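See structure below.
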Number of protein chains: 2
Amino acid sequence: MLRLSKLTDYAVVLLTRLEGEGVQAAPDLAAATGIAEPTVAKVLKILAGAGLVEGLRGARGGYRLSRPLAELPLSEVIAAVDGPIALTACVDSAVGLCEAENTCPVRGRWDPVNRAIRQALSGITVADLAAPRPAAPPAAPPTRPAAIAATA
Amino acid sequence: MLRLSKLTDYAVVLLTRLEGEGVQAAPDLAAATGIAEPTVAKVLKILAGAGLVEGLRGARGGYRLSRPLAELPLSEVIAAVDGPIALTACVDSAVGLCEAENTCPVRGRWDPVNRAIRQALSGITVADLAAPRPAAPPAAPPTRPAAIAATA
DNA sequence: TGCAATCCGGACCAGGACAGTACGGATTGA
DNA sequence: TCAATCCGTACTGTCCTGGTCCGGATTGCA
């Protein structure tokens with residue numbers, strides 16, 4: 001399994017929650033999403049550091065999006081939370097990190113793979129994940145109306 | 001960072017090592033690649049279980065490829081070693097696994113992302129990783145001849 | 001027929017990374 | 001002046017991963 005950090009998942013959830021709501025404080029977001037408050041604060045701090053959201057201090061402060069979600073590629077979120085997108089530790093022509101460097105037949109060969117992944121992720125915005133299937137491609141229907149975007 | 005298990009890395013190395021060499025025993029492969037012998041055995045067992053290599057028992061036994069690498073998409077190797085390719089634990093319309101299921105605005109939305117990743121990986125074969133750039137697409141040159149495929 | 005080489009299957013253990021928590025400080029608005 | 005809120009850092013417990021080991025089954029050769 002190609003694991004993505006849980007925090008990235010939270011980040012996407014929180015970002016979609018911030019959309020169109022103006023400024024929201026961390027505790028409110030925690031209540032709305034069901035994510036523990038300290039964790040929400042942690043994720044938002046990371047996102048603020050990357051410039052994806054703005055933190056407003058003081059009373060009546062909170063967080064707000066610095067860009068609409070439709071202009072925010074998923075790759076940026078992942079890069080902000082999980083670090084640079086790379087499939088393996090053995091990438092980007094790093095030298096001297098691997099003791100099998102000289103006998104390894106695939107040295108540096110992962111680069112095209114990483115490039116493919118990055119490209120795939122750049123084509124998807126956070127808005128695509130949040131939208132209730134505006135123009136869904138031919139795929140199995142969700143069959144789960146559930147309570148998408150319930151305003152707790 | 002979008003982590004890929006180290007074992008997958010080993011798997012690719014071992015597969016490229018098996019290419020065109022006929023039957024090879026695990027200890028030989030270990031010596032050739034610099035990977036610890038028990039680990040080599042472990043990886044090969046996994047690959048054999050997935051049908052990517054064949055294990056031949058008995059004296060003069062060993063492993064050999066069941067398919068040429070050029071016909072082996074990377075996605076199969078990853079799926080064999082790391083399990084099904086999926087970016088997050090919250091996928092494939094799994095129900096009841098997430099306590100925030102009802103308030104989560106991105107439920108099931110990761111599917112297109114996973115599909116994109118899968119597609120990107122399906123287009124790359126193991127041979128692409130091993131080959132010394134037979135017909136490289138327009139991309140930045142490696143600028144690192146290094147010691148690719150040194151026969152230790 | 002016996003022996004050695006090799007794969008097979010499972011269980012086991014240690015290390016590291018990650019998620020989650022807590023605390024004190026700085027900033028802002030009422 | 002005070003309360004609300006974000007900011008930065010450090011800490012801890014848990015889970016996953018990588019790596020190791022053992023006994024058993026199978027096969028080829030002398």
Side-chain angles (χ1 to χ4, degrees), chain A residues 1-11 13-14 18 22-31 33-64 66 78 81-83 86-90 98-100, chain B residues 1-11 13-14 18 22-31 33-66 78 80-83 86 88-90 97-100:
Chain A
M1 165 121 68
L2 228 137
R3 295 230 2 225
L4 191 63
S5 124
K6 222 172 189 177
L7 289 227
T8 307
D9 206 358
Y10 293 161
V13 172
L14 292 171
L18 279 171
V23 175
Q24 287 185 82
D28 296 344
L29 286 166
T33 57
I35 305 172
E37 190 177 319
T39 304
V40 169
K42 184 181 189 172
V43 173
L44 287 174
K45 263 182 285 185
I46 295 172
L47 293 177
L52 304 187
V53 301
E54 279 179 275
L56 306 177
R57 294 222 228 175
R60 301 188 50 103
Y63 289 94
R64 73 167 161 224
S66 23
I78 296 177
V81 179
D82 277 357
L87 266 191
T88 169
C90 175
C98 175
E99 63 268 17
Chain B
M1 162 123 68
L2 228 136
R3 292 225 8 221
L4 190 64
S5 120
K6 222 173 189 177
L7 291 219
T8 306
D9 207 359
Y10 293 163
V13 172
L14 291 171
L18 278 171
V23 177
Q24 287 185 81
D28 296 344
L29 286 166
T33 57
I35 305 171
E37 190 178 321
T39 305
V40 170
K42 183 179 191 172
V43 173
L44 287 173
K45 264 183 286 186
I46 295 172
L47 294 178
L52 304 187
V53 301
E54 279 180 275
L56 306 178
R57 293 222 228 176
R60 302 185 52 102
Y63 290 94
R64 73 166 161 224
L65 294 176
S66 26
I78 295 176
V81 179
D82 277 355
T88 168
C90 176
L97 297 178
C98 175
E99 62 268 14

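What you are looking at is a predicted structure, and each value in this text was computed from that prediction instead of being measured. The sequence lines fix the lettering, A, B, ..., with proteins before strands; numbering per chain opens at 1.
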Using a cut-off of 4.0 Å on non-hydrogen atoms, how would the nucleic acid contact of A48(A) be classed: base, sugar-phosphate, or nothing?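 Nothing, no heavy atom under 4.0 Å.
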
What nucleic acid atoms does A26(A) come within less than 4.0 Å of, heavy atoms only: base, sugar-phosphate, or nothing? sugar-phosphate

Classify every nucleotide of nucleotides 18-29 of chain D by which part a protein heavy atom approaches to under 4.0 Å, writing B for the base, S for the sugar-phosphate alone and - for neither, in 5'-to-3' order. BBS---BBBBSS

Please identify each residue that fulfils side chain to side chain donor-acceptor pair (under 3.5 Å) with T39(B), with sequence neighbours left out. none

I'd like to know if the side chain of S66(B) reaches the main chain of G51(B), judged simply by a donor and an acceptor atom lying under 3.5 Å from each other, with no hydrogens or angles considered.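 Between the backbone of G51(B) and the side chain of S66(B) there is a qualifying donor-acceptor contact (under 3.5 Å).
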
Run the side-chain contact (heavy atoms from CB on, under 4.5 Å) test against P38(B) and tell me which residues pass, sequence neighbours left out.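 So P38(B) forms a side-chain contact (heavy atoms from CB on, under 4.5 Å) with A36(B).
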
Not counting sequence neighbours, which residues clear side-chain contact (heavy atoms from CB on, under 4.5 Å) with A26(B)? List them please.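 A26(B): side-chain contact (heavy atoms from CB on, under 4.5 Å) contacts with V40(B), L44(B).
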
Axial bend angle, the helix from dT1(C)-dA30(D) to dA30(C)-dT1(D): five-pair end segments, nearest 10°: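 Rounded value for the end-axis angle: 10°.
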
Donor-acceptor list for residues 54-64 of chain B side chains, cut-off 3.5 Å, not counting sequence neighbours:
from, atom 1, to, atom 2, distance (Å)
E54(B), OE1, R64(B), NE, 3.4

Q24(B) and its side chain to side chain contact (heavy atoms under 4.5 Å, CB included) partner, picked from V53(B), L18(B), L14(B): L18(B)

Any V13(B) side-chain heavy atom under 4.5 Å of Y10(B) side chain: no

Any salt bridge (charged side-chain N to carboxylate O under 4.0 Å, His left out) pairs touching residues 36-51 of chain A, not counting sequence neighbours?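 Matches after skipping sequence neighbours: none remain.
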
